[in-house]
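Worksheet: one structure, shown below.
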Amino acid sequence: MTEHESDINHRIWQVITLIPSGKIATYGDVARHAGMPGAARRVGRALRLLPEGTRVPWHRVINAQGRISLPDGSSSQYIQRQRLEAEGIVFRGNKNVDLKRFRWRPGEIDKN
DNA sequence: AAACTGACTTTGA
DNA sequence: CTCAAAGCCAGTT
């Protein structure tokens, strides 16, 4: 991949590290904060490239419906859910989270 | 170059 | 609430 592409991925990962524990962000949110509004799919691609032992909190990124964008039954999907619940995120109807409640809003006061 | 693909989003039925 | 369609960005065939 080109130098430029790599820089973009790093910028995306950088933004994700800013999401505090107990909060989540949508792919669109991450794209926007990384300076490329509308590039949600680009964010998904950057996440795929993450190495296994990464410290980037990729599990805090979910889709605009408040659902996990990983195949049902996959181990990664299970892990993402486990990690989120461990951080206090609650799933409604065993499917989606309440975005109004857990969505990360940069700049707001952290009451952890 | 054209078609296909996907860790996406929004809108409308 | 679930679905499909259309828009979206960009890598792979």
Side-chain angles (χ1 to χ4, degrees):
Chain A
M1 89 173 48
T2 71
E3 277 294 326
H4 184 63
E5 296 281 331
S6 164
D7 285 344
I8 291 183
N9 289 330
H10 282 293
R11 200 153 87 243
I12 289 175
W13 295 331
Q14 155 62 39
V15 169
I16 295 177
T17 64
L18 300 179
I19 307 172
S21 172
K23 288 286 180 179
I24 57 84
T26 67
Y27 293 87
D29 289 340
V30 175
R32 190 156 39 73
H33 292 307
M36 39 185 128
R41 299 190 92 125
R42 182 71 188 66
V43 172
R45 214 155 351 95
L47 287 190
R48 253 185 330 150
L49 301 176
L50 283 171
E52 281 217 25
T54 184
R55 290 173 334 201
V56 176
W58 56 270
H59 58 280
R60 298 188 185 137
V61 183
I62 61 181
N63 65 35
Q65 324 309 313
R67 315 230 289 96
I68 291 177
S69 290
L70 283 173
D72 274 15
S74 67
S75 66
S76 48
Q77 190 250 21
Y78 176 77
I79 291 179
Q80 177 163 20
R81 168 129 186 196
Q82 288 304 303
R83 290 192 181 174
L84 288 177
E85 294 186 323
E87 295 182 353
I89 302 292
V90 180
F91 283 72
R92 267 188 314 200
N94 238 14
K95 296 182 125 187
N96 52 304
V97 312
D98 184 346
L99 293 179
K100 300 244 179 202
R101 182 176 164 195
F102 299 109
R103 197 174 203 166
W104 171 48
R105 290 178 183 69
E108 81 180 1
I109 300 157
D110 219 331
K111 304 175 247 185
N112 258 1

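Note on naming: letters A, B, ... go to the chains in the order of the sequence lines (proteins, then strands), and numbering restarts at 1 for each one. Just so it is clear, the model here is predicted, and its values are computed rather than measured.
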At under 4.0 Å, does any side-chain N or O of A/K95 touch on OP1 or OP2 of C/dC1?
-> no
Heavy atoms only: give me the nearest A/I16-A/V30 pair and the separation to one decimal.
-> CG1-CG1, 3.9 Å
Which heavy-atom pair separates A/G28 from A/A40 by the least distance, and what is that distance?
-> N-CB, 3.9 Å
Whole-Å distance separating the CD1 atom of A/I16 from the C1' atom of B/dA7 = 10 Å
How close or far is atom P of B/dT9 from atom CG of A/D29, stated in whole angstroms?
-> 8 Å
Report the nucleotide, chosen from [options], that has the shortest atom-to-atom distance to any side-chain atom of [X].
X     : options               : result
A/R41 : B/dT10, C/dG7, B/dT9  : C/dG7
A/N63 : B/dA7, C/dC9, B/dT9   : B/dT9
A/R45 : B/dC8, B/dT10, C/dA10 : C/dA10

Compute both the distance and the angle, then confirm whether A/R81 meets the cation-pi test with A/F91: under 6.0 Å from the six-membered ring centre, within 45 degrees of the axis.
-> yes
Run the salt-bridge test on A/E87 and A/R60 with the 4.0 Å N-O cut-off and return the result as yes or no.
-> yes
How would you label the contact of [X] with the nucleic acid (heavy atoms, under 4.0 Å): base, sugar-phosphate, or nothing?
X     : answer
A/Q65 : base
A/S76 : nothing
A/R48 : base

